[in-house]
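Structure first, commentary second.
In what follows, every chain begins at residue 1, and chains take the letters A, B, ... in the order their sequences are listed.
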Amino acid sequence: MSIYDTLNDKQKEAVEYTEGPLLILAGAGSGKTRVLTHRVAWLIDELGVNPWNIMAITFTNKAAGEMRDRVDQLVGYGSESIWVSTFHSTCVRFLRRHSDRIGYDTNFTIYDTDDQKTVIKDVCKRLQIDTKQLKERTIMNAISSAKDELITPEQFYLNAAGDYQQKRIAQCYMEYQATLKKSNAFDFDDLIMKTVELLKNNEDVLEGYQRRFRYIMVDEYQDTNTAQFELIRLLAGGYRNLCVVGDDDQSIYKFRGANIRNILDFESVYPEAKVIKLEQNYRSRGRILDAANAVISHNIGRKEKALWTDKGEGEKIHFIQFDTAYDEADYIIKDIRQKVQEQEKRYDDFAVLYRTNAQSRLLEERCIFAGVPYNVVGGTNFYSRKEIKDVLAYLKTIDNGRDDIAVKRIINVPKRGIGATTINKVQDYADLHEISFFQALEEADRIPTLGKAGVKLEPFVTLIRSFRTKAKEYGLGRLMQDILDTTGYLAYLEESEEEDAEDRIENVDELLNKMIDYEDSAEEPTLSGFLEEVALVADIDSVDGSEEKVLLMTLHSAKGLEFDHVYLAGMEDGVFPSYMTITGDDPSEIEEERRLAYVGITRAMEHLSITCARQRMIHGQTQYNMISRFVREIPEELLDHKLPSKKHPEWEEAAFKKPLVKAVVRPKTTQAEAKPFLLRSAQTMSKPAAAPTKEGAGTLGYGVGDRVKHMKFGEGTVMQIDPGTRDYQVTVAFDTAGTKIMYAGFAKLQKI
DNA sequence: CGTACTAGTCTTTTT
DNA sequence: GACTAGTACG
């Protein structure tokens, strides 16, 4: 009995077809990871390929690690020398070796989105761009998309032709790129684009890698962008043993430049390519699969596939609509708790998926309230916290003195009396002499404009220099500890009056632990190595599936995972599909959302619950949404409850009438109120509960002359109500706090 | 130079 | 509602 006997015919074919280009169209749950790992095993065991000659590119570090583990289990040796990593890590490895070929030092820094924004801001200032007219965000997105498409600043400028705005962006792009180069830094997109540049312009380097990587595999191929495709094309250019695995129906990263054409056109780029479809699903029950198939069939321009399963139809899909998002969250969490208590389930059998990170808050709250252990994936990244970025900036400053952003970030943290004026003067000097910011600091005594302030700079320079010396003899852990002590950063946190000071200290402590972990586990621990690992982690990477916790995450994060019971929360038009895509005029965006729905549904193995709410707060405003169109695309017989008819929907009609005030100021719901609408009386249902975009004056619940109560200011009298652009401005004369003008939505005044 | 307050934006998703 | 950038003031 061999390990390959457990594969079906198609899977086996894909495993054994090793020579030449191969496209595996793997539907959700069709065992593509099994195919990939067995394929690697096959290459090593049966064909005697040296693991060193195999490269596999995955989407996340987590997937890479899992792949290595599984190959290890199959083969038992050699898995450590297979090159398995993400696109970004792969490129960093190339660049660390050869970036001097394209004019960068090999100890470059990686700029994250925050750093990018700082640079862009600076660039805008220099180019005198009015950021009200041309937003930083717009510029950043434009540059990022350009890089995804391998468009250089010069090409961008040419493409702009007569378009003034585009020309301005092109100038920013040029200036931005120059700044990065001066700082010896790459942004995320550069990692790919510059690697392509490196390989294209250095034939010896390219040939070296082409010879080494005889077999290349790419997972989640549907989410690659043009630059990534070009990278693969170059690397596979020698042997052409390129195997890509993907599912066009699961392409959900168009906003990040993913080019679905890469999968649809694979056969035209590689005419000799073999195509194998994996259509048997081993994950989900029949009804779940039927629902997924029904939804995705509404998309046009996809590769026809028919997923099937022999697992039996399973139970119906559970659908409930609630009055409020609060009720929805309450129900989901209590339902999970009940199932764990009454059935033999573990908390990690459950996942709640939603469209936007903001939706996690309510669920999290309910978990705490109900005592349900949970893990939120994503949201605010650990590494984007202020205190973490500060400490990292110290490390970056020590590692790469040309990283101006890092230096400027910490030059006055903790306070050293070095303000904006001084920094600007130093920067001017640096610009004038074309040196880095730190070099300018070192020459502070030669900057005449500084005056007295210059004295404060010297200790800082000495401090950093001493760290650099220490960095050579200390281990990483000790270095960081020393930084925290010597700079007084820890003391600065400890003395902070802020409420979350303790959390921050914990976070810094956590970072120290990670650093020590890294030092212990890495083969050759270096500061650059640690910083790059930190820069390239994805939220999902840190998720440990064996913990007994409910997972809360976005649909995007859930890709590639599976759970016994999945809850899809917030299935409402305006939330999912998002407001942006509904109101936008690009129909392909709805299709992308639909693919996301498909991904969500197919995460479920045994049970699927779909929930939505009539009313929810978005950006601090109450919104009233209809049931998601995607739910309506599921055949009714697959659901356990009928959907309310769309023709005379009492409650939906209400969505266009004026709302009740009560709906806005809502105290915590009791259990009894949290009943799903299907169990409610018709009377309750007909209650108009909905909302035009702006609240009418009548909806405030009070008028001029009324006595009202405010949480902070106490009682007072309403003097005036003015319609503002978004919300009403209310002037209130408080008995004790004086007269205040405030926005009605924020003030939460209650009539007394 | 540092702080405290105000106004504006945001959120669709992320390596 | 939360966060951030920008401004006025001490």
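With values rounded to the nearest 0.5 angstrom, A:T581 atom OG1 is found 4.0 Å from A:I590 atom CD1.
B:dT11 and C:dG6: their C1' atoms are spaced 22 Å apart (whole Å).
The CE-P distance, from A:M553 to B:dT11, rounds to 22 Å in whole Å. Atom CD in A:E220 sits about 15 Å away from atom P in B:dT14, given to the nearest Å. Atom-to-atom, CG of A:D114 to C1' of B:dT14 comes out at 14 Å; the value is rounded to the nearest Å. Rounded to whole angstrom, the span from the CE atom of A:M617 across to the P atom of B:dT11 amounts to 18 Å. Atom CZ of A:R385 and atom P of C:dT4 are 12 Å apart (whole Å). A:K125 has its NZ atom 11 Å from the C1' atom of C:dA5, to the nearest Å. Atoms CG (A:D122) and C1' (C:dA5) sit 15 Å apart, rounded to a whole Å. As rounded to whole Å, 19 Å separates atom P of C:dT4 from atom CD1 of A:I120.
In terms of phosphate contacts, A:T60 brings no side-chain nitrogen or oxygen within less than 4.0 Å of OP1 or OP2 of B:dT15. At least one side-chain nitrogen or oxygen of A:R137 sits closer than 4.0 Å to the OP1 or OP2 atom of B:dT11. Put simply, A:K386 has no side-chain N or O that comes within less than 4.0 Å of OP1 or OP2 on C:dC3. The shortest distance between the side-chain N/O atoms of A:S557 and the OP1/OP2 oxygens of B:dT14 is below 4.0 Å. Between A:N225 and the phosphate of B:dT15, there is no side-chain N or O to OP1/OP2 separation shorter than 4.0 Å.
Among the atoms of the strands shown, only primed sugar atoms or phosphate atoms (P, OP1, OP2) are found under 4.0 Å from some heavy atom of A:Y253. No contact: A:D189 has no heavy atom under 4.0 Å from any strand. Counting non-hydrogen atoms under 4.0 angstrom, A:E592 reaches nothing in the nucleic acid. Here A:K121 lies in heavy-atom contact (under 4.0 Å) with sugar-phosphate atoms only.
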Handout entry: Under 4.0 Å protein heavy-atom contact, by nucleotide of nucleotides 1-6 of chain B - B base, S sugar-phosphate only
Key = SSS---
Exercise for the section: Go through A:D187 and A:Y176 one step at a time and tell me if the side chain to side chain donor-acceptor pair (under 3.5 Å) criterion holds. Expected result: CA-CA 11 Å; A:D187 65 22; A:Y176 171 81; 2.8 Å; yes
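Of the candidates A:F437, A:F108, A:Y111, A:Y111 is the only one forming a side chain to side chain contact (heavy atoms under 4.5 Å, CB included) with A:D403. Across A:R409, A:K396, A:K121, A:K408, a single residue satisfies salt bridge (Lys or Arg N to Asp or Glu O under 4.0 Å) together with A:D115, and that is A:K396. Partner of A:L392 under the side chain to side chain contact (heavy atoms under 4.5 Å, CB included) criterion, chosen from A:L511, A:D112, A:T109, A:I410: A:L511. Applying side chain to side chain contact (heavy atoms under 4.5 Å, CB included) to A:Y354 and the options A:V575, A:L362, A:T611, A:L552 leaves one that passes, A:L552.
Comparing B:dT15, B:dT14, B:dT11 against the side chain of A:T86 picks out B:dT15 as the nearest.
A stacked arrangement is not assigned to A:F255 and the six-membered base ring of B:dT14, the conditions of a centre distance below 5.5 Å and an interplanar angle below 30° not being jointly met.
Mapping A:K135 and A:A535 onto DNA chain B by nearest heavy atom places A:K135 closer to the 5' end of the strand.
Relative ring orientation between A:W83 and A:F94 is described as tilted, the plane-to-plane angle lying within the 30° to 60° band.
The two atoms that bring A:Y489 and A:D390 nearest to each other are OH-OD2, 2.7 Å, heavy atoms only.
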